[in-house]
Amino acid sequence: MSKRLTAWGATLVGLLLMLATNALADDAKPAPTVTDVATAIDTVWVLVTAFLVFFMQAGFACVEAGFTRAKNVCNILAKNFIDFCVSSLMFFLIGYAIMFGDGNDYLGWTGFGLSEAKNPSGVPLYAYWLFQAVFAGTAATIVSGAMAERTRFIAYLLYTFVISAIIYPVIGHWTWGGGWLSTMGFADFAGSTVVHATGGWIALVGALMLGPRIGKYGPDGKPKAITGHNIPLASVGVMILWFGWFGFNPGSTLGAVGSNTEAIGLIAINTNLAAAAGGLFATIAVWMIYGKPDVSMLFNGVLAGLVAITAPCAYVSPSAAIVIGAIGGVLVVLGVMLLDKLHIDDPVGAVPVHCLNGIWGTLAVGIWGQKALGLANDGLLHGGGLGQLGVQALGVIACGAYAVISMAIIFSIIKAIVGLRVTPEEELRGLDIDEHGMEGYADFQIFTTR
Amino acid sequence: MSKRLTAWGATLVGLLLMLATNALADDAKPAPTVTDVATAIDTVWVLVTAFLVFFMQAGFACVEAGFTRAKNVCNILAKNFIDFCVSSLMFFLIGYAIMFGDGNDYLGWTGFGLSEAKNPSGVPLYAYWLFQAVFAGTAATIVSGAMAERTRFIAYLLYTFVISAIIYPVIGHWTWGGGWLSTMGFADFAGSTVVHATGGWIALVGALMLGPRIGKYGPDGKPKAITGHNIPLASVGVMILWFGWFGFNPGSTLGAVGSNTEAIGLIAINTNLAAAAGGLFATIAVWMIYGKPDVSMLFNGVLAGLVAITAPCAYVSPSAAIVIGAIGGVLVVLGVMLLDKLHIDDPVGAVPVHCLNGIWGTLAVGIWGQKALGLANDGLLHGGGLGQLGVQALGVIACGAYAVISMAIIFSIIKAIVGLRVTPEEELRGLDIDEHGMEGYADFQIFTTR
Amino acid sequence: MSKRLTAWGATLVGLLLMLATNALADDAKPAPTVTDVATAIDTVWVLVTAFLVFFMQAGFACVEAGFTRAKNVCNILAKNFIDFCVSSLMFFLIGYAIMFGDGNDYLGWTGFGLSEAKNPSGVPLYAYWLFQAVFAGTAATIVSGAMAERTRFIAYLLYTFVISAIIYPVIGHWTWGGGWLSTMGFADFAGSTVVHATGGWIALVGALMLGPRIGKYGPDGKPKAITGHNIPLASVGVMILWFGWFGFNPGSTLGAVGSNTEAIGLIAINTNLAAAAGGLFATIAVWMIYGKPDVSMLFNGVLAGLVAITAPCAYVSPSAAIVIGAIGGVLVVLGVMLLDKLHIDDPVGAVPVHCLNGIWGTLAVGIWGQKALGLANDGLLHGGGLGQLGVQALGVIACGAYAVISMAIIFSIIKAIVGLRVTPEEELRGLDIDEHGMEGYADFQIFTTR
C-alpha cells in the first residue's frame with residue numbers, strides 16, 4: 001500500500017513541479033487553452049477580412065471617380081468618404097441594434113451604442129461589429145455611383161444617415177439577424193441581396209428620381225456615351241474591389257477553425273473564379289455585340305461575377321461558380337443596354353452590377369446550392385414548402401420592395417426639404433466648383449464642356 | 001522494489017509508445033503544442049499588421065503627391081520611396097539597437113545589425129523588427145509633406161539617415177524601449193507621440209527653417225491657397241492610410257491570443273470610429289467656417305482622428321473614441337488656419353495632422369484612459385505623483401523638445417554642408433526637371449506657372 | 001480490489017462528466033483539437049498571403065500603365081485584367097493538373113478541373129490552389145509590360161491561355177511539383193526562376209519578335225527615351241508590388257506553425273531589406289552614371305531587389321539579403337543600359353527586373369544559401385555532385401531554354417494566325433482607339449504625337 005502511495009505521491013509531486021515550472025516561466029498570464037487559441041484565430045480572421053472589406057471603400061471611390069467626369073471628381077470622392085464616416089457612426093449608435101438586437105421578426109431593438117448588445121458570433125462583440133459595419137458601409141456607398149454628377153452633397157449626406165441607421169439594418173435583421181426570412185431558410189451567404197441588391201435597388205430609385213444627366217439623351221432620344229475621365233483610376237478601383245472581396249466572402253464564415261477551414265478555401269476559390277469568368281465573358285459578350293472589347297465592360301464584368309457569387313459562394317462547387325460568374329458577366333452587358341433603352345442614367349453601372357447581379361446570385365443559390373461540405377456557421381438549405389428557389393425569389397422580392405418603397409419615401413422627403421438635384425448651371429459647370437469650392441486637377445488642362 | 005521498477009518501466013514503455021506513434025504519424029516534425037500554435041497566431045498577427053503599416057508608405061506618397069503641384073510630383077514620390085529604403089537599412093544597422101538594446105534610461109546600445117539583439121516581444125525577433133521598422137519608416141516619411149516643393153533631394157536623403165538611425169529610436173527607447181518615460185508610466189499605445197508628434201515636430205522645424213514656398217504669401221502677407229494637383233490621388237492615399245492604420249493600432253498589441261483577443265477588437269472599432277468622427281466633424285467645421293465642405297479638410301479630418309486615437313486606442317471606450325476623433329477633426333481645421341496666420345507653409349498639413357493631433361491624442365489618454373479590460377501587453381495607467389495627465393504632458397513636452405532641438409541642429413548642419421533649399425529658379429520650374437531630369441505627366445498639358 | 005475498482009469507476013464517471021459538460025457547452029460542433037487550430041492558422045496564412053499576391057495584379061497594371069504612354073493606357077490595363085481572368089480559369093481547368101498532378105519527371109497529368117487533384121500541402125486543396133493560381137497569374141502578367149504599346153489584344157489574349165495552361169505549369173512541375181529539378185536539389189524558394197525569370201524570358205522573346213516601337217531608335221540608331229505618362233500611377237504600382245511581395249515570399253512557407261513561425265519572420269525581413277537595398281543602390285548607380293537620381297530607376301531598383309531575394313529569402317541571413325538586393329539594384333541599371341545597346345525595346349524594364357534579377361537571385365542561393373534555421377517545408381540545400389551553385393545554374397539554363405524555345409514557337413503560331421503587332425497607323429494613333437474604341441483620359445488635353 002505504502003508503495004502505491006509513494007508512486008502516486010511521486011506523480012503528484014511531478015505534476016506540481018510541472019505546474020510550478022509553468023508558473024515560473026509565465027507568471028503573469030495563464031497559458032492559453034486550445035479554445036483561447038481557436039477564438040484568437042477566428043478573431044484575427046474576422047478582423048483581417050473586415051480590414052479588406054473596409055478597403056473596398058477605396059475601390060468604390062476610384063471606380064466611381066474614374067467612370068465620371070473630371071469636373072465632378074471632388075464631389076464623388078467626398079460622397080464616398082462621408083458616407084462611410086456617417087454610416088460607421090450611425091451603425092454604431094443605431095444600426096447594429098436594429099439589425100442584431102432582440103425584437104421581433106422584423107426589427108431588433110436592443111443594444112443601441114453597443115450597450116449590452118447581442119453578439120451572435122463566436123468572436124468578441126467589437127470585432128464582429130467592425131465586420132458588420134464595413135458591410136453596412138458597402139451598401140451605403142453603392143448608391144453614390146448611380147446618382148453621380150447631379151446630386152446635391154447635402155441630400156446625399158442626409159440619405160447616408162437613413163440607410164445606415166435604418167434601411168439596411170432592417171433587411172439585415174430579416175436575413176442575418178434572426179428575422180422572418182432567415183426563419184424561412186433564405187440563404188444569402190455574404191450578401192448578394194442583403195448588401196448588393198439593397199444598394200442596387202436604392203441606386204435605381206435614386207437614378208429614377210433624379211432623372212438623367214443633362215445631355216445624356218439627345219433630342220432624338222438616343223443615349224450619348226458620357227465616358228469616364230480616368231480609366232486607370234477606375235481600373236485600380238476594380239482591382240481593389242476584387243482584393244477586398246476576398247474579405248467580403250471568405251470572411252463571412254466569421255471564423256477559420258474546424259469546418260470553416262475547408263469553407264474559407266472553397267469560398268476564396270469560388271470568389272476568384274466567378275470574378276475571372278465574369279470579366280472574360282463580359283468581354284466576349286461586348287466584343288460580339290459591339291465589335292470591340294470595351295474595357296469598362298471588362299471591369300463591370302469582373303464586378304458582376306463578384307456580386308453574383310456573393311450569395312452562393314459557400315454553397316456551390318468551383319465549376320458552378322464559373323457558370324454563375326460567366327452568366328453574371330453577360331447579364332451586366334445586357335443590363336447596361338437595357339438601362340440605356342429605358343433612359344435610366346446610371347453613370348457607373350451600379351444597377352446592372354449590384355442590383356441585377358445581386359438578384360441573379362441570390363437565385364443561383366436555389367439552382368446550384370447544396371449544404372456546403374464542412375461549412376459550420378449555417379449552410380442549411382431547405383426553404384420549407386416553397387423549395388429553396390422559391391424562398392430565394394421571395395427574399396429577393398421582399399427586400400427589393402422594401403428598399404424601393406422606403407427609399408422612395410425618404411428621397412421624396414429629402415427632395416422636399418433640401419432638394420435632390422443641383423441646378424442646371426451647377427451641373428454644367430461641374431459640382432466641384434459650386435458644391436466644394438475646389439477642383440480635382442488644378443494643374444491640368446481639362447475639357448469641361450462635355 | 002521490483003514492482004516499482006515495473007511500474008516505472010511500464011510508464012516508460014507507454015511514453016515511448018506514445019512518442020513512437022507520434023513519430024509515425026508525422027515523423028519529421030513533432031506535433032505542435034498549444035504554445036506553438038499561440039506563438040504562430042501572434043506572429044501572423046504581427047506580420048500581417050506590419051504589412052498593413054508598410055502599405056501606409058503608399059498612402060503618404062499619394063497624399064503628399066496629390067496635395068502638391070504637378071511639377072514636383074516625381075520629387076515628392078522619390079522622397080517617399082527613398083526615405084523608407086534608407087530607414088529600413090538604418091533601423092536594421094543602428095536604430096533597433098538604440099531603441100531596444102540594453103543601455104540606460106536614455107539610450108540602448110546593444111544589438112547593432114540585430115546581432116544578439118534584445119527581443120521584448122513574444123514573437124520571433126525578425127517579425128518584431130519588421131513591425132518596429134515600418135513604424136520608424138512612418139515617422140520618417142511624415143516630414144516630407146511639410147517640406148515639399150522646395151527641399152533639395154540630397155538634403156532630404158541625409159535627413160532620413162539621421163532620423164531613422166538616431167532621432168526616432170531615442171524617443172522610442174524612452175517610451176517603448178524601457179527608458180525613463182516608460183518607467184514613469186507614460187502611456188502612448190501605438191504612437192501618437194512616439195511616431196506622429198515626433199514626425200510632426202520635425203516637420204514643423206523643417207518648414208520653419210525652409211521658409212514658405214515662393215508665392216505662398218503675397219506682398220500684403222495674405223496667404224494664397226496653392227491647391228493640390230490631383231485630389232483623386234490624395235483621396236486614394238487617405239483611404240490607404242486608414243486601411244493601414246488597422247495594422248498600426250490593432251497590431252500594436254503584438255499578439256492576438258488571450259486577453260489580446262478582446263483588445264484587438266476594441267482597438268479596431270476605436271480606430272474606425274475616431275477616423276469617421278474626425279472626417280465628419282472636420283467637414284462640419286470647415287462648412288461652418290468657410291461655407292463649403294472642403295474635401296481636403298474631410299481627408300485631413302480623417303487623418304486627424306486616426307492620429308488622435310493612436311495613443312488612447314487601447315485604453316478608452318468606443319464612445320470616448322468618437323469624442324477624441326471629433327475634437328481631432330475640429331483641431332485640424334483650426335490648426336491649418338493657425339499655420340496660415342503664422343506664415344508657416346506646410347503644403348499638406350502635416351503639422352496640424354501629426355503634431356497637433358499627436359499631442360491631443362497623447363493628452364486624451366490622461367483624460368479618458370483606463371486600464372483596458374483584457375489588455376495584455378501593458379495597459380498600466382498610473383503616472384505616479386503627477387497623475388496620468390501630468391505624465392502625458394511631460395512626455396509630450398520632453399519628446400517634442402528633444403525632436404525640435406536635435407533636428408534644428410541636424411538641419412543646420414545639412415544646410416551648411418549641402419544646402420536645404422533649391423534655387424528660386426529650380427523651385428519655379430519645378431523640382432522634377434532639375435533634381436531628377438524627368439516629369440511626372442509627360443503626355444498631359446500642364447500649367448506650370450502656378 | 002474493490003477499492004481499486006471504485007477508484008477506476010470514479011475516474012470513469014469523472015471523465016464522462018467532463019465529456020458531458022463539454023457536450024452541453026458546445027453541442028453541435030466538437031471542440032477543436034490543437035491540430036485543427038494549427039491547420040486553421042496555416043490556412044489563414046496561406047489565404048491572406050494569396051490575397052496579397054493577387055493584389056500584385058493591381059501593382060503590375062499600375063506600373064505598366066504609368067511607364068507607357070497615355071494613348072495606350074486602356075490597352076495595357078485590359079491586358080493586365082484579362083490575363084489574370086484567363087489564367088485563373090486555365091490554371092483551374094488544366095494548369096494545376098500539369099504542375100502538381102501525378103505523372104513523370106517532366107509533366108503532371110491528373111487532377112484536371114481539380115477533380116481528385118493531388119494536394120502536396122498541409123492546407124485544404126482549394127486554399128492551396130488559390131495560392132498557386134495567383135503565382136501563375138504573376139508569371140503571365142510580367143510579359144505584357146515588355147510587349148506594351150504595339151501588341152494586338154487578341155494575340156495577347158491567346159498567349160495568356162497557353163502560358164497559364166501549359167508553359168508555366170511545366171516549369172512549376174519540374175521545380176515545385178516533384179519533377180526532375182526538385183529531385184536534383186534545385187532551390188527556388190518563392191520563384192525567382194519559376195515565376196520571375198520565366199515571365200522575364202518570355203518577355204524578352206516577345207520584345208524581340210515584335211521589334212521596337214516606332215520611334216524608339218532614331219535613324220542614327222540612338223535610343224530615344226519614351227518616358228512614362230503617369231509616374232504617380234507607376235509609383236503606386238511599385239508600392240502595391242512591394243506590399244504584395246510580403247505575401248509572395250513569406251506565404252511560400254505554406255504555413256505559420258512550428259518552425260515556420262521563425263521562417264516567416266526571417267523571410268519578411270529579408271524581403272524588406274533586399275527591396276530597400278535595391279532601391280537605394282539603383283538610385284546611387286543611376287546618380288553616378290547619369291548625374292541625376294532618376295525616379296524610375298529607384299522604382300525598378302526596388303523591384304529588382306524583390307525579384308532577387310525571391311529565391312533565397314528563406315535560406316540567407318538579413319545581411320546577405322541586403323547584399324543580394326543591392327547587387328540587384330545595380331544590375332537593373334546596367335540591364336536597362338544593355339537592352340538599349342542591343343536595341344531591344346522593353347518599355348517598362350520587365351526583362352532587367354524579372355529575367356536578369358530572377359537569374360541573379362537563383363544563383364545567389366548557391367552563394368549564400370544555407371539550410372535555414374527552423375524552416376519546415378524544405379530548405380534542403382545540397383545539389384548532389386554539381387554543388388548547389390551548379391544545380392542552380394542548371395535550373396536557370398533549363399527553365400530559360402524551355403521558356404524561350406516553347407514561347408518562340410507559340411508566338412510564331414499566334415503571329416501566323418492573327419498577327420502579333422498592330423499596324424503602324426494604329427500604333428501611332430494609340431491602341432486604345434482602334435483596339436478598344438475608347439480613351440483613357442477623356443477630359444484631359446493629351447499630347448498624342450509622342
Side-chain angles (χ1 to χ4, degrees), chain B residues 28-34 36-37 39-41 43-44 47-48 50-51 54-55 57-58 61-62 65-66 73-75 77-78 80-82 84-89 92 113-114 123-130 133-134 153 157 230 233 236 432 435-445, chain C residues 34-35 37-38 41 44-45 48 52 69-71 227-232 235-236 238-240 242-243 246-247 250 256-262 264-266 268-269 272-273 275-280 283 290-296 298-299 302 318-319 322 376 441 444-448 450:
Chain B
K29 53 180 177 177
T33 66
V34 179
D36 288 345
V37 179
T39 307
I41 170 102
T43 306
V44 166
L47 284 176
V48 170
F51 303 162
F54 162 78
F55 197 40
Q57 292 290 324
C62 291
V73 75
C74 291
N75 182 262
L77 293 168
N80 271 280
F81 262 80
I82 207 76
F84 188 74
C85 292
V86 170
S87 87
S88 282
L89 297 169
F92 171 75
L114 296 194
V123 298
L125 173 66
Y126 291 151
Y128 183 63
W129 179 86
L130 189 72
V134 290
F153 185 70
L157 183 59
N230 196 333
L233 189 66
V236 170
D432 289 1
E435 292 267 277
H436 304 282
M438 59 190 299
E439 46 185 328
Y441 301 100
D443 281 340
F444 294 87
Q445 303 203 22
Chain C
V34 179
T35 308
V37 179
I41 169 106
V44 166
W45 178 247
V48 170
L52 290 174
R69 285 167 294 180
K71 62 184 175 184
T227 51
H229 84 283
N230 196 332
I231 302 301
S235 96
V236 171
V238 177
M239 282 289 186
I240 291 174
W242 192 337
F243 178 51
F246 285 122
V257 176
S259 54
N260 278 327
T261 307
E262 284 284 340
I264 57 179
L266 172 68
I269 189 177
N272 194 61
L273 289 175
L280 182 60
T283 303
Y290 293 109
K292 297 208 172 176
D294 183 284
V295 181
S296 54
L298 166 51
F299 296 166
V302 165
S319 307
I322 293 175
Y441 300 101
F444 293 86
Q445 303 203 22
I446 302 285
F447 300 105
T448 52
R450 281 210 302 163

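Protein chains get the first letters and strands the later ones, always in sequence-line order, with residue 1 at the start of each.
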Student: At a heavy-atom separation under 4.5 Å, does B:Phe51 approach chain C through its side chain, its backbone, both, or neither?
Tutor: both
Student: Measure distances from B:Val48 to the heavy atoms of chain C and classify the residue's part below 4.5 Å as side chain, backbone, both or neither.
Tutor: side chain
Student: If I measure from the heavy atoms of chain B, does C:Leu273 come under 4.5 Å with its side chain, its backbone, both, or neither?
Tutor: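 For C:Leu273, heavy atoms of backbone and side chain both lie under 4.5 Å from chain B.
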Student: Taking the six-membered ring for Trp, is the centroid-to-centroid distance between C:Trp242 and B:Phe55 below 6.0 Å?
Tutor: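 Between C:Trp242 and B:Phe55, the centre distance exceeds or equals 6.0 Å.
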Student: Counting only heavy atoms closer than 4.5 Å, note whether B:Leu125 contacts chain C via side chain, backbone, both or neither.
Tutor: neither
Student: I'd like to know whether CZ of C:Phe447 has more than 12 heavy-atom contacts from other residues, nucleotides or ligands below 6.0 angstrom.
Tutor: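 More than 12 heavy atoms, drawn from other residues, nucleotides or ligands, come within 6.0 Å of this atom.
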Student: Side-chain contact, heavy-atom cut-off 4.5 Å: B:Glu435 with C:Lys292?
Tutor: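 Side-chain contact under 4.5 Å: no.
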Student: Would you sort out whether B:Phe84 and C:Asn272 count as a side chain to side chain contact (heavy atoms under 4.5 Å, CB included), showing the intermediate values?
Tutor: CA-CA 10 Å; B:Phe84 188 74; C:Asn272 194 61; 3.4 Å; yes
Student: Please name the pair of heavy atoms, one in C:Ala276 and one in B:Ser88, separated by the smallest distance, quoted to 0.1 Å.
Tutor: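 Looking at all heavy atoms of both residues, the closest pair is CB-CB, 3.8 Å.
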Student: Would you say that B:Asn230 contacts C:Pro232 through its side chain, given a criterion of any heavy-atom pair below 4.5 Å between the two side chains?
Tutor: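 Side-chain contact under 4.5 Å: no.
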Student: With a 4.5 angstrom heavy-atom cut-off, which part of B:Ser87 approaches chain C: side chain, backbone, both or neither?
Tutor: neither
Student: Answer with side chain, backbone, both or neither: which region of C:Ser235 has an atom nearer than 4.5 Å to a non-hydrogen atom of chain B?
Tutor: both
Student: By a 4.5 Å heavy-atom criterion (distance strictly below it), what part of B:Cys74 contacts chain C: side chain, backbone, both, or neither?
Tutor: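 It is both, since atoms from each part get that close.
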Student: Given that the side chain runs from C-beta out, which part of C:Ile322 has a heavy atom under 4.5 Å from chain B: side chain, backbone, both or neither?
Tutor: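 Looking at C:Ile322, just its side chain touches chain B.
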Student: Determine whether B:Leu77 and C:Ile231 satisfy the following criterion, side chain to side chain contact (heavy atoms under 4.5 Å, CB included), listing intermediate values before the conclusion.
Tutor: CA-CA 9 Å; B:Leu77 293 168; C:Ile231 302 301; 4.3 Å; yes
Student: Taking side chain as everything from C-beta outward and backbone as N, CA, C, O, which of these in C:Leu52 sits under 4.5 Å from a heavy atom of chain B? Side chain, backbone, both or neither.
Tutor: side chain
Student: I'd like to know if the side chain of B:Asp443 reaches the main chain of C:Ile446, judged simply by a donor and an acceptor atom lying under 3.5 Å from each other, with no hydrogens or angles considered.
Tutor: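 A pair under 3.5 Å: no.
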Student: Check whether B:Ala78 gets within reach of chain C through its side chain, its backbone, both or neither, counting any heavy atom under 4.5 Å.
Tutor: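 Both backbone and side chain.
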Student: Do C:Thr283 and B:Ile82 touch side chain to side chain, with heavy atoms closer than 4.5 Å?
Tutor: yes
Student: Of the backbone (N, CA, C, O) and the side chain (C-beta and beyond), which part of B:Leu233 lies under 4.5 Å from a heavy atom of chain C, both, or neither?
Tutor: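 Just the side chain, heavy atoms under 4.5 Å.
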Student: Exactly one of B:Val37, B:Thr43, B:Asp36 should register a side-chain contact (heavy atoms from CB on, under 4.5 Å) with C:Thr261. Which one does?
Tutor: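 Single pass found, and it is B:Thr43.
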Student: Indicate, with yes or no, if the rings of C:Phe299 and B:Phe81 have centres closer together than 6.0 Å.
Tutor: yes
Student: Are side-chain heavy atoms of C:Ile269 and B:Leu114 found at a separation under 4.5 Å?
Tutor: yes
Student: What closest approach, in Å, do B:Cys85 and C:Gly279 show between heavy atoms, and which atom pair accounts for it?
Tutor: SG-CA, 4.2 Å
Student: If you apply the rule side chain to side chain contact (heavy atoms under 4.5 Å, CB included), what do you find for B:Met438 with C:Asp294, and how did you get there?
Tutor: CA-CA 7 Å; B:Met438 59 190 299; C:Asp294 183 284; 4.1 Å; yes
Student: Given a strict heavy-atom distance threshold of 4.5 Å, which part of C:Val295 is in contact with chain B: side chain, backbone, both, or neither?
Tutor: both
Student: Could you tell me if the ring centre of B:Phe444 sits under 6.0 Å from that of C:Tyr441?
Tutor: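 Ring-ring flag for B:Phe444/C:Tyr441: true, centres closer than 6.0 Å.
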Student: So, do B:Leu130 and C:Phe246 sit near enough that their side-chain heavy atoms are less than 4.5 Å apart?
Tutor: yes
Student: Would you say the side chain of C:Leu280 lies within less than 4.5 Å of the side chain of B:Leu89, judging by non-hydrogen atoms?
Tutor: yes
